[in-house]
A.B. asks: 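One structure, as structure tokens, below. Some questions next.
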Amino acid sequence: MPPKRKATAPAAERPNGSPPSKKGRPDLHQPHPNAKQTEEFGIVLRQFYPPEMSNERCQAYTDGKLERPIETLQKACRETAEKRRSINVGSAVVHWFKSDLRLHDSRALHTAYQFAKENQVPLIGLYIVSPEDWAAHSISPARVDFTLRTLKRLQQDLGELDIPLHMETQEKRKAIPKRIVELCQLWGAKNLYANIEYEVDELRREAKLVRLCADSDINFTSTHDTCVVTPGALASQQGKQYSVYTPWYRSWLAFLKENPDYLEVSEEPGSNPGNARQQFKDLFDCKVPTAPKTHTLSDEYQKRLEGLYPAGEHEALQRLDNFLEEKGNKYEELRSMLSGENTSVLSPYFACGALSARTAAVTAKRTNKGHLDRYDPGYMTWISELAWRDFYKHVLVNWPFICMNKCFKPENTNIEWEYDKDQFQAWCEGKTGFPIVDAAMRQLRHCAWMHNRTRMVVSSFLTKDLMLDWRRGERYFMENLIDGDFASNHGGWGFGSSTGVDPQPYFRIFNPLRQSERFDPEGEYIRHWVPELREVSDKAIHEPYAKGAAVIAQKNGYPKPIVDHAESRDRALERFKSALQK
DNA sequence: TGCAGGTTATA
DNA sequence: ATAACCTGC
């Protein structure tokens, strides 16, 4: 049992009815209790989100006047370096698994195993479930289920090497560092390894653990692994971090050309010494934790997800090979087409770390005759999608305030958003009357996954056509996607809502009709997800009520469009324009 | 990885 | 009449 924590103080004891905790999730449908305080930052009172970090504070991060979480970690490592050097081997080495649930090509796991092997002590795997963490970060039940299924495979794979995987639940995320130290002490482990996660909470927790370990005579090594190129490694000629994809991508390619070792995959660990099974007998019987009540799935949904996304790194590697072999060279041409399987659907595996981005890049490079940036446009385009994943993580590390409900661009602070509950619900349920939007939202509900093209379409629709706050959409995606990853999801929503990085000389508003006609010309995707429109002709399916299919649509209960795109477009242009003038 | 409104090319 | 192409936002 985890130690009992003090309950949150009742509302009466909190000043000004402030929310229970800083980490608590604001109610989307009520004005936030602190909304008044936001006046001083020029934020409208009606907003439903907690006060945003002030633009001044954001600027201070950008200018390097405030310590970014990555620097907090670096400082902790620096200041404890000497102390850690004097720590001895101990009787075991621990690798703390987080979102790196694989054996193949994990920097920290590889280093941990090498150290264990050299010193002839066993390696132990550790995974800690924190339901509070999942709730605070809006991790979806689908992703929780996928993680737990992946853990099961991981345990089997490690077991074959006589490496145990200890798994346990800690209700409170704050209890995790102390618990890890406790476990290391219990096992006599003096050396702990982990790969870095780049979100703000995670980096600060890592820094705390580095110090806590050093104080407890444990050497904790925290390793860069999840990106192909380490965040912070790429800077412009003026020494600034990039916030625009294209120049960043050029720099990413150049970096990998100059530093080919970044594309070297690390080997899987080998077997533990023969006596490991006796020494840590109990650890081998560990059960995979169960999902908290808030994150359990219906049997039907669970079975479906299991069929769609079988867990484990073997599945991931096989998917990677199959995709590159069969579809990689047609990727540029077909990736946006919505019917049929033209994309790799590897995102769930990247999100929980069953597949390393580096392995994906190396394999694609090999398939593309050894090139990242020339030869076959199909592979090149797919590699640049891997680069997008790196890019958004780099952005997160450099501008950490985006973790705090903040737009990247300060001038977007003043955009006046709508908070219409019914329209938001129609969007969630796929009942907006825009077939392409509805098909996509139903795909999300059914598969916990959505095609990237339609992610752009529905995010643009929510934020431009409905003018609803992009943060509501961002959160809904996290709550429902099996591949929900903070940096990629936030980045995508910044793109779709035009509040993120990637400034354009024009203002981008997707036209749902045009997108539908271009990327689902036969209406196959729509027909699959919107059964009400199955009898409608190819021509009319993108806009049934305007193209002579009103009778069929009505008969089958398909809703009329809840907004007029042209009018909404004008409103969005107006709102963004006036926010810039303030 | 945009759209809209125009012009030009072709039948 | 239609599609392909161009250009400003």
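The sequence lines fix the lettering, A, B, ..., with proteins before strands; numbering per chain opens at 1. A quick note: this is a predicted structure, and the numbers were derived from the prediction, not measured. Just so you know, these numbers use all the heavy atoms, side chains as well, and skip hydrogens, waters and symmetry mates.
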A.B. asks: Between A:M450 (CE) and B:dT1 (P), how many Å, whole number?
C.D. replies: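 Atom-to-atom, A:M450 to B:dT1, this comes out as 20 Å.
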A.B. asks: Are the ring centres of A:F408 and A:W399 closer than 6.0 Å?
C.D. replies: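 They qualify: ring centres under 6.0 Å apart.
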A.B. asks: Could you tell me the separation between the CD atom of A:E517 and the C1' atom of B:dG2, rounded to a whole number of Å?
C.D. replies: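 Whole-Å distance recorded here is 15 Å.
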A.B. asks: Of A:R143, A:R389, A:R455, which meets salt bridge (charged side-chain N to carboxylate O under 4.0 Å, His left out) against A:D483?
C.D. replies: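 Exactly one pass, corresponding to A:R455.
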A.B. asks: With a non-hydrogen cut-off below 4.0 angstrom, is A:Q515 in contact with a base, only sugar-phosphate, or nothing?
C.D. replies: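 Sugar-phosphate contact only - A:Q515 comes under 4.0 Å of backbone atoms but never of a base.
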A.B. asks: Check whether the ring centres of A:H224 and A:Y198 lie less than 6.0 Å apart, and answer yes or no.
C.D. replies: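 Yes, close enough.
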A.B. asks: Send over the distance from A:K464 NZ to B:dG2 P, rounded to a whole Å.
C.D. replies: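 From A:K464 NZ to B:dG2 P: 11 Å.
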A.B. asks: Between atom CD in A:E333 and atom C1' in B:dT1, what is the gap in whole Å?
C.D. replies: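 These atoms are roughly 17 Å apart.
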A.B. asks: Under a 4.0 Å threshold between the charged nitrogen and the carboxylate oxygen, would A:R107 count as salt-bridged to A:D100?
C.D. replies: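 Result for this pair is no, no salt bridge flagged.
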A.B. asks: Taking the six-membered ring for Trp, is the centroid-to-centroid distance between A:F146 and A:Y349 below 6.0 Å?
C.D. replies: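 Yes, ring centres under 6.0 Å apart.
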A.B. asks: Quick one: do A:E333 and A:K330 make a salt bridge, cutoff under 4.0 Å?
C.D. replies: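 Not counted as a salt bridge, because no side-chain N and carboxylate O are separated by less than 4.0 Å.
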A.B. asks: Regarding A:R518, tell me which of base, sugar-phosphate or nothing describes its non-hydrogen contacts under 4.0 Å with the strands shown.
C.D. replies: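 If one applies the 4.0 Å heavy-atom cut-off, A:R518 turns out to touch the sugar-phosphate alone, with no base involved.
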A.B. asks: Could you check whether A:F323 and A:Y331 have their ring centres less than 6.0 Å apart?
C.D. replies: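 Yes, close enough.
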A.B. asks: For a quick check of understanding: with a heavy-atom distance under 4.0 Å over all strands, which category does A:E385 fall into, base, sugar-phosphate or nothing?
C.D. replies: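 The answer is base, as A:E385 lies within the cut-off (heavy atoms under 4.0 Å) of a base atom.
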A.B. asks: Does A:R527 pair with A:D538 as a salt bridge, N-O distance under 4.0 Å?
C.D. replies: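 Yes, A:R527 and A:D538 are salt-bridged.
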A.B. asks: Polar atom pairs between nucleotides 4-7 of chain B and protein, under 3.5 Å, N or O only, would you list them?
C.D. replies:
from: B:dA4; atom 1: OP1; to: A:N511; atom 2: ND2; distance (Å): 3.2
from: B:dA4; atom 1: OP2; to: A:N511; atom 2: ND2; distance (Å): 3.1

A.B. asks: Indicate yes or no: does A:K98 engage A:E202 in a salt bridge with an N to O separation below 4.0 Å.
C.D. replies: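 So A:K98 does not pair with A:E202 through a salt bridge.
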A.B. asks: Measure all distances between protein nitrogen or oxygen atoms and nitrogen or oxygen atoms of nucleotides 7-9 of chain C, and list the pairs falling under 3.5 Å.
C.D. replies:
none

A.B. asks: Starting at atom CD of A:E332, determine the distance to atom P of B:dT1, rounded to an integer number of angstrom.
C.D. replies: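 Atom-to-atom, A:E332 to B:dT1, this comes out as 8 Å.
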A.B. asks: Whole angstroms only, please: what is the CG-C1' distance between A:D570 and B:dC3?
C.D. replies: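 That distance rounds to 13 Å.
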